[in-house]
Colleague: 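Following this message is one structure expressed as structure tokens.
Every chain is numbered from 1 and lettered A, B, ... according to where its sequence line falls, protein lines coming before strand lines. All of these numbers come straight from a predicted model, not from anything done at the bench.
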There are 2 protein chains.
Amino acid sequence: MNEENGTPRRRLTRAEAKVQTRERLLDAAAHLFASQGFADTGVEEIAESAGYSVGALYSNFDNKEQLFLELLSTRLSDRISSVAEILDADTGGEDPLGNLSRLLVQAADRNAEFVALQAEFWLHAVRNPEFMAAMATQLREQVDALERLVAAALEQRGGEVPGVSARTVTIVVVSLFQGLVRRRLIEPDSVPDDLFGQALRWLFAGLRATASTGAHPDSGAGSNA
Amino acid sequence: MNEENGTPRRRLTRAEAKVQTRERLLDAAAHLFASQGFADTGVEEIAESAGYSVGALYSNFDNKEQLFLELLSTRLSDRISSVAEILDADTGGEDPLGNLSRLLVQAADRNAEFVALQAEFWLHAVRNPEFMAAMATQLREQVDALERLVAAALEQRGGEVPGVSARTVTIVVVSLFQGLVRRRLIEPDSVPDDLFGQALRWLFAGLRATASTGAHPDSGAGSNA
DNA sequence: GTCTATATCAAGATAGAC
DNA sequence: GTCTATCTTGATATAGAC
């Protein structure tokens with residue numbers, strides 16, 4: 001029952017076991033870092049929480065920092081792309097903006113942990129040069145994940161706006177979202193459920209208005225044909 | 001030369017000396033916490049940087065955490081209100097939105113330290129209940145500081161929008177700003193100088209558009225007379 | 001590949017001198 | 001009020017057994 005089930009090996013090759021150990025350690029570390037912070041989480045704590053001991057941890061990672069970097073580089077990317085899939089699946093739709101905001105606010109509320117972990121990464125990145133690149137990538141991926149949806153919303157609401165790329169708008173959208181989420185975690189009442197949705201409607205309406213009014217993207221003088 | 005200059009004491013009363021020591025310690029701590037993080041900054045480091053020794057620190061604060069909380073409660077408020085004054089002074093104006101974005105982006109670029117310190121506080125607040133209240137206050141103060149300016153911009157650009165308070169808009173503006181600033185510190189090119197200004201123009205144009213179009217603040221069905 | 005035991009070090013906090 | 005010296009603890013990282 002535990003042998004050759006299509007694959008020629010008995011249980012787990014040594015290499016596979018190691019991979020599994022790595023994964024479990026990374027999972028445990030993610031939760032602990034998120035809830036207690038990087039500095040206040042001990043390696044022993046991580047190992048224990050994953051069901052191993054320190055030795056196993058140091059056998060799989062150079063040190064605590066490298067584990068942290070690994071988390072930033074690989075793990076979060078997975079999470080983000082999975083969010084992207086959910087969002088894409090829901091894009092069938094009539095009200096992309098509404099979907100966007102509802103799904104995202106839900107997601108943010110469910111795991112404040114993830115938000116905290118991101119903040120933790122951000123702080124580490126602004127201080128440690130070797131984290132910057134990975135952090136930049138991860139921020140870019142967040143934008144990538146939403147860009148399609150934003151583009152769809154743009155098309156639906158009056159088509160393209162000349163001189164304004166979907167990516168630029170997406171950066172604004174994501175930044176706004178993150179700002180609101182952070183505030184909401186501190187003072188929930190100041191950021192009602194629909195505020196993000198509201199802001200998005202204003203933003204997109206304004207994009208159309210600006211386009212037709214003819215305010216120029218670069219200079220201050222707005223003039224169109 | 002050092003006596004009774006209007007005040008009846010020679011130099012510094014013991015109480016005043018203590019206050020001065022506190023201030024210097026708080027200053028030093030602020031810089032160190034901002035650049036290295038709370039956890040990675042030692043009390044000895046703080047004391048030394050302020051020109052004192054550990055004993056002085058523990059004579060003025062219960063412990064490292066209490067010092068941190070003091071910083072969050074008093075120091076940052078000062079800084080924010082000073083920003084508010086600068087902004088207010090510039091409100092004479094023709095283009096409040098432009099002023100707003102230019103001044104803020106400048107301010108953010110000048111001291112990334114402050115941004116990092118805020119993130120540090122935020123993380124501490126989401127984890128430690130005793131920091132939450134202070135953090136909420138400080139977030140509120142940021143909104144307070146900008147609300148007048150936003151209100152002015154609203155009036156200038158088509159007057160009040162029914163059903164939308166200046167404060168609500170300010171919360172959006174501040175959140176967006178913080179989101180953009182944080183991204184900019186990681187990947188500067190993704191957040192060009194004027195992006196915030198652009199976004200503000202979209203936002204305010206959209207506010208007017210939404211008002212006249214008649215999209216209702218609460219429900220999803222937009223219909224007007 | 002993982003565990004246990006330990007070397008090493010650093011940091012927070014205290015106590016008594018000045 | 002502030003300083004110096006020290007107590008105490010806890011954490012990273014290593015080494016050798018299994």
Colleague: Provide, to the nearest angstrom, the distance between the OH atom belonging to A:Tyr58 and the P atom belonging to D:dA11.
Modeller: 12 Å

Colleague: For the pair made of CZ in A:Arg22 and C1' in C:dT2, what is the distance, rounded to whole Å?
Modeller: 15 Å

Colleague: In this structure, which one of B:Gln106, B:Arg184, B:Arg102 forms a side chain to side chain donor-acceptor pair (under 3.5 Å) with B:Asp193?
Modeller: B:Arg184

Colleague: For a quick test of reading the model: is some side-chain N or O of A:Thr21 closer than 4.0 Å to OP1 or OP2 of C:dT2?
Modeller: yes

Colleague: Please tell me which of A:Glu45 and A:Asp62 maps to the more 5' nucleotide of DNA chain D, matching each residue to the nucleotide holding its nearest heavy atom.
Modeller: A:Glu45

Colleague: Can a donor-acceptor pair be found, under 3.5 Å and without considering hydrogens, that links the side chain of B:Trp122 to the backbone of A:Arg182?
Modeller: yes

Colleague: Taking CG from B:Asn63 and P from C:dA11, how many angstroms apart are they, rounded to a whole number?
Modeller: 17 Å

Colleague: Round to the nearest Å and state the distance from A:Glu44 atom CD to C:dT2 atom P.
Modeller: 17 Å

Colleague: Name the closest nucleotide to the B:Ser59 side chain, picking from C:dG1, D:dT4, D:dG1.
Modeller: D:dG1

Colleague: Look only at the side chain of A:Gln66 and the backbone of A:Asp62, and say whether a donor-acceptor pair between them is shorter than 3.5 Å.
Modeller: yes

Colleague: Between atom CD in A:Glu48 and atom P in C:dC3, what is the gap in whole Å?
Modeller: 12 Å

Colleague: Rounded to the Å, how far apart are B:Leu25 CG and D:dG1 P?
Modeller: 14 Å

Colleague: Which is true for B:Gly55 with a 4.0 Å heavy-atom rule: it touches a base, it touches only sugar-phosphate, or it touches nothing?
Modeller: base

Colleague: Write down the distance between CG (B:Leu57) and C1' (D:dT4), rounded to a whole number of angstrom.
Modeller: 15 Å

Colleague: Tell me yes or no: between the side chains of A:Gln118 and A:Glu113, is some donor less than 3.5 Å from an acceptor?
Modeller: no

Colleague: For D:dT12, does OP1 or OP2 lie under 4.0 Å from any side-chain N or O of A:Lys64?
Modeller: yes

Colleague: What is the separation between atom CG on A:Asn60 and atom C1' on C:dC3, rounded to the nearest whole Å?
Modeller: 13 Å

Colleague: From C:dG12, D:dC3, D:dT4, pick the nucleotide closest to the side chain of B:Ala56?
Modeller: D:dC3

